[in-house]
Structure formats: C-alpha cells, structure tokens
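A short write-up of the structure that comes next.
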Amino acid sequence: MLLAELVATSAAVAATRSRKAKVAALAELLGRVEPEELEVVVSYLGGALRQRRTGLGWRGVSDLPAPAGEPSLTVLEVHDAFEAMSHLSGSGSQLARKEAVAQLFGRATAAEQAWLRAIVTGNVRQGALDAVTQEAVAQVADVPLAAVRRAAMLAGSTVAAAGAAFAGEEALDGIGLEVGRPIMPMLASSAPDVAAAMGGLSPDGETEVAIDAKLDGIRIQVHRDGDEVLVVTRSLDDITGRLPEVVEVARSLPAERFVLDGEALALSGDGRPMAFQDTASRTAQDSGVAVTPHFFDLLHVDGRDLLDSPGHERLEALDALVPEQHRVRRLVTADPQAADAFATETVAAGHEGVVLKDLSAPYAAGRRGSAWVKVKPRHTLDLVVLAVEWGSGRREGWLSNIHLGARDESSETGFVMLGKTFKGMTDEMLAWQTERFTELAVSPTTLRDSYVVELRPLQVVEIAFDGLQRSTRYPGGVALRFARVLRYRDDKGPHEADTIETVRSHVTA
DNA sequence: TTCCGACAGTGGGGTCGCAAT
DNA sequence: ATTGCGACCCCACTATCGGAA
C-alpha cells in the first residue's frame with residue numbers, strides 16, 4: 001500500500017465531522033490492506049508510529065528537503081525507515097538521524113511530508129484516533145465492536161486487537177488477561193465534591209461505596225509470575241528496573257501469580273508523602289529515596305481472573321493478598337458525612353484527594369467510567385493576565401493561552417508570573433478575550449507578528465488550580481499545578497489581584 | 001425529543017537522559 | 001559544563017457526535 005493512499009484517507013477523515021463518515025473512510029482503506037501491512041496501517045490510522053521512540057520530535061522534522069512531485073513511498077518503507085532511526089544511538093547518531101529524515105522526507109510529496117511530520121510529533125488531528133479506528137476494524141473484520149475494544153484493552157493495544165479481529169471472532173475472544181502482559185488501566189472520572197460523587201454512586205443513599213485515598217504518585221501495574229516481576233506505568237511502559245522496592249514487595253506476597261493495580265510514591269521520614277516532583281524524580285532514576293507501592297485493586301490471583309468480578313470481591317481478595325501497609329487507605333460506607341470526614345483526613349495527611357468506587361462494578365480496563373470518581377480540593381486565586389499566545393488547530397485565530405501573574409511589589413513590573421493556562425475557556429470566552437487582549441496589546445506589531453503577545457497588565461482572571469509546585473522556570477520559584485480559568489473578573493482591577501505573599505501563605509507547596 | 005457517555009483536541013507543570021556545543 | 005531536544009510522568013476542561021432514555 002502506498003503512503004499516499006493512507007494520507008488521502010487521513011485527509012478525508014479530517015474533512016468530515018461525522019464520526020460515521022470517518023469510520024466509513026477508515027474502513028474503506030482497511031479493506032484494501034495486505035495482511036503484512038495491517039499492523040502498520042492500523043497504527044498509522046490511529047495517529048501513532050509503531051516505534052515507541054524514534055529520537056525525532058518537532059525539531060527533527062523542522063528542516064525538510066523539497067517534496068517529491070509524485071508519490072512513491074509505501075507504508076512498509078516508511079515503517080522500515082522509522083525502525084532504522086529508532087535504533088540509532090551514541091555519538092554521531094543525530095547526524096545519521098538527520099540524513100535518514102532527509103532520505104525519507106525527500107521521497108515524500110508535500111501532503112505526505114505534512115502527514116509524516118504530524119505523526120512524528122503526535123499531532124495527527126483528524127478527529128479520529130484509537131477509538132474510531134477500532135470501530136473501523138470491527139466493521140471491516142465483521143466482528144462486534146465491544147469484542148475489539150475489550151481485546152485492545154486486555155492486549156494493551158489496538159494493533160494487537162486488530163490482528164486478532166481479522167483472524168476471526170474466536171481469536172478475538174481468545175484474548176484474555178495474561179499475567180505478564182500489561183492491560184490498559186481503569187481510569188476515574190471526577191466530581192466537584194464528595195457529596196456529588198456519593199450522589200452519583202449511591203443515589204438511594206443506602207448503597208455502600210468504597211472511598212480510597214488518592215495518592216499523588218505514579219500509577220503502577222504489577223505482574224508477578226513466580227520469580228518474574230513486571231512493573232509498568234499508566235502508559236504501559238516497563239519501569240521494573242527503576243523500582244526495586246516494588247519488585248521486592250511483589251515477591252514477598254503470598255501468591256505465585258497475580259496482577260495488582262496501585263500507586264508508587266516517595267515517603268519522607270515521618271511517613272508523609274513527598275511532593276509529586278520527588279516521586280517523579282525517583283521513578284526516573286535510582287536516587288536513594290525509597291518509593292513505596294500502595295495497591296488498590298487486584299485483577300488476577302493464582303489462576304483466578306477478577307476483572308469481571310464486582311469491586312467488593314476484588315477488594316476482599318486484595319486484602320487477603322496484600323498487607324495493610326502496602327494498601328491504599330480505604331473506607332467503605334454509605335454515609336456521606338463519614339465519607340466527607342474521610343476525605344478531609346486524607347487531604348490533611350498530605351494526599352491529593354479521594355477516589356469513590358462503585359463496589360458492584362467490574363474492572364473496566366482502559367475506560368474512564370463512572371464507577372470510579374475522583375474528588376480533589378480546589379484552590380482559587382485572582383491573577384492578572386500578563387501576556388497571551390495565539391492558539392492553534394481549532395483555536396487558530398484566537399488568542400488562547402494566557403500568562404498568569406500575581407502582584408509583587410518587589411518586582412520591577414509589579415507582577416511575578418506563576419504559569420500559563422488554556423483550560424476552562426468556552427468558545428464564547430475565547431472570542432471575548434481575543435477582542436479584549438487585542439485592545440490591551442502593548443504593541444500592534446507584536447500582536448500581528450509574534451506568537452506571544454505582551455499585554456498591559458489590566459485584566460483580572462479567577463483561576464482554579466490544584467496546588468503549588470517548585471519551579472526553576474518562573475522567577476517566583478513556584479508554579480501553579482493544573483491551572484484553569486473559572487471566569488474573568490471585571491469587578492476587580494489589577495491592584496486588587498492576589499499578591500505572591502498571599503499565594504505562598506495560602507497554599508502549601 | 002432531550003440527555004449523556006465517550007472521544008478528540010488544546011495545551012499546562014515537572015523530571016530525566018542523551019547528544020551536541 | 002551547559003543547552004536543547006525527546007520522552008514520559010502528572011493532568012483539566014470544552015465541544016461534538018450519536019446512541020440511550
């Protein structure tokens with residue numbers, strides 16, 4: 001199959017907003033694919049290379065040769081080229097990679113170059129990725145979509161599920177949980193507070209729910225098969241070698257084969273959790289600080305699959321396998337007040353929040369279902385917009401990402417920047433702020449020519465965020481974590497905005 | 001007919017390793 | 001020794017489609 005065919009399909013998918021039409025376009029292409037190309041094509045349609053890492057990013061594809069006039073590249077040639085690049089390392093590898101890019105892109109037409117650049121940088125924007133590709137696979141292979149989805153979650157990838165789907169429904173149904181093969185982790189939706197979460201999970205007010213402490217660390221899935229232990233992250237990357245303590249704990253448990261779900265985090269001497277940054281640092285390199293596993297679910301134990309068992313059964317099995325010090329703190333209750341008190345205690349103990357769980361629900365691998373609901377406390381500040389950046393994609397032509405500052409008497413400008421945000425804006429707000437910030441632009445030249453537009457610091461905005469973190473990037477030494485816009489405040493002038501002292505005292509990092 | 005679940009898109013903070021400078 | 005890039009941890013929120021209610 002020619003790359004040009006795939007690129008044309010991608011363009012057709014991007015050109016329609018109808019999901020059904022997208023599926024039809026993808027299915028049409030999949031129907032023409034040769035068996036040996038299937039995995040590559042499925043991966044590419046989903047917007048991902050087959051290689052986990054190529055050493056190429058936006059910079060590596062910014063200087064390109066002149067495009068070819070006629071298409072000639074096949075998808076397998078493209079795959080081979082990236083495969084070769086993924087193996088380059090050591091001195092001189094950057095030069096070799098550069099030559100490989102010139103070779104590959106020199107054979108690509110202008111449209112192919114644009115698509116190649118997009119897939120390298122993870123920016124294939126066609127309104128269809130994994131989930132829509134799965135629909136197309138199900139359609140062409142003539143198997144139930146639910147079976148494809150389940151296989152993809154259990155095999156850890158849509159590509160693996162696609163292979164099985166084309167081998168027939170039996171092969172697809174044969175894909176189950178295998179100890180040693182990572183599955184997509186179950187995710188949580190969110191609620192503003194414990195009462196809302198309880199209301200959703202226990203509408204009658206009598207059904208008990210589980211409330212877990214939400215630890216601010218790295219999500220881990222731990223597989224043990226005899227002496228073999230595998231530890232993977234949320235994106236299923238193998239980090240076994242970096243977490244020896246977790247391996248040790250897994251080996252110490254009284255079962256031979258199991259799959260556990262949990263969180264790893266660094267604890268300080270007094271047992272309180274350290275900042276996420278410390279856990280991240282320790283998880284990326286072995287540096288002495290101990291990282292402790294805390295498990296909250298059990299998916300398999302000694303031949304017994306628990307994925308489809310209700311939560312209360314899985315928790316019972318978890319409690320039997322894992323000692324308390326390696327389990328997440330949990331309360332089971334139907335009482336909203338008890339739940340709220342537990343959440344307050346948990347946050348006071350230094351944790352991120354809580355996750356409320358439906359005790360009757362199965363483990364929905366890869367889904368962000370309503371069976372798990374997270375609740376985190378939210379901080380707010382009134383800050384001043386110092387600058388704004390032009391948006392991209394569907395925000396093209398709108399002033400989008402805003403720079404946030406707190407008042408700071410000691411600074412020359414009177415403000416200190418604490419971060420940026422693009423979150424929380426409706427289309428209506430984007431339209432409003434584009435007009436407003438055009439008026440506040442320091443210079444019409446930068447407004448027109450620059451990606452970042454400096455503003456006169458006059459507009460106050462109410463920002464929600466999860467907490468402060470250490471920063472080397474920003475002059476105040478702190479940055480907001482997960483900042484998002486709540487509303488613009490036209491009732492407040494910049495002199496009424498919060499000061500850096502307020503920020504520091506009000507929120508502990 | 002309205003409601004709502006699931007997806008994709010738009011980007012934010014940090015950390016590290018690695019190759020080039 | 002420093003710098004810039006790539007990879008990967010954590011992530012919130014809105015708009016939209018299409019099936020469920």
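Within every chain, numbering begins at 1; the chains are lettered A, B, ... in the order of the sequence lines, protein sequences first and strands thereafter.
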Please verify the inter-ring angle class for A/Y488 with A/W432; under 30° counts as parallel, over 60° as perpendicular, anything in between as tilted. tilted

Between A/T413 and A/S411, do the side chains contain a donor N or O and an acceptor N or O under 3.5 Å apart? yes

Indicate for each nucleotide in nucleotides 1-9 of chain B, in 5' to 3' sequence, whether protein heavy atoms under 4.0 Å reach the base (B), only the sugar-phosphate (S), or nothing (-). -----SSSS

What nucleic acid atoms does A/K376 come within less than 4.0 Å of, heavy atoms only: base, sugar-phosphate, or nothing? sugar-phosphate

Contact class for A/S400 vs. all strands (heavy atom < 4.0 Å): base, sugar-phosphate, or nothing? sugar-phosphate

Using a heavy-atom cut-off of 4.0 Å across all strands, would you classify A/K374 as base, sugar-phosphate, or nothing? sugar-phosphate

Sugar-phosphate, base or nothing in reach of A/D216, heavy atoms under 4.0 Å: nothing

Span of DNA chain C in contact with chain A (heavy atoms, under 4.0 Å): C/dC5 to C/dG19

Below 4.0 angstrom from OP1 or OP2 of B/dT10, is there any side-chain N or O of A/N401? no

Integer-rounded Å distance: B/dG13 P and A/R470 CZ: 16 Å

Round to the nearest Å and state the distance from A/R473 atom CZ to B/dG13 atom P. 5 Å

We want to know whether A/E389 and A/H403 form a side-chain donor-acceptor pair, criterion being a heavy-atom distance below 3.5 angstrom. yes

Examine the side chains of A/T279 and A/R282 and answer whether a donor and an acceptor come within less than 3.5 Å of each other. no

Atom-to-atom span, CZ of A/R242 to P of B/dC16 - whole angstrom: 12 Å

Expressed as a whole number of angstroms, how long is the span from A/L404:CG to B/dG12:P? 11 Å

Which residues within residues 417-434 of chain A lie with some heavy atom under 4.0 Å of an atom in DNA chain B? A/K420, A/F422, A/K423

Touch class at under 4.0 angstrom, heavy-atom based, for A/T54 against every strand present: sugar-phosphate

Would A/R436 and A/Q433 count as having a side-chain donor-acceptor pair, cut-off 3.5 Å? no

Do the charged groups of A/R378 and A/D193 touch, with an N to O distance under 4.0 Å? no

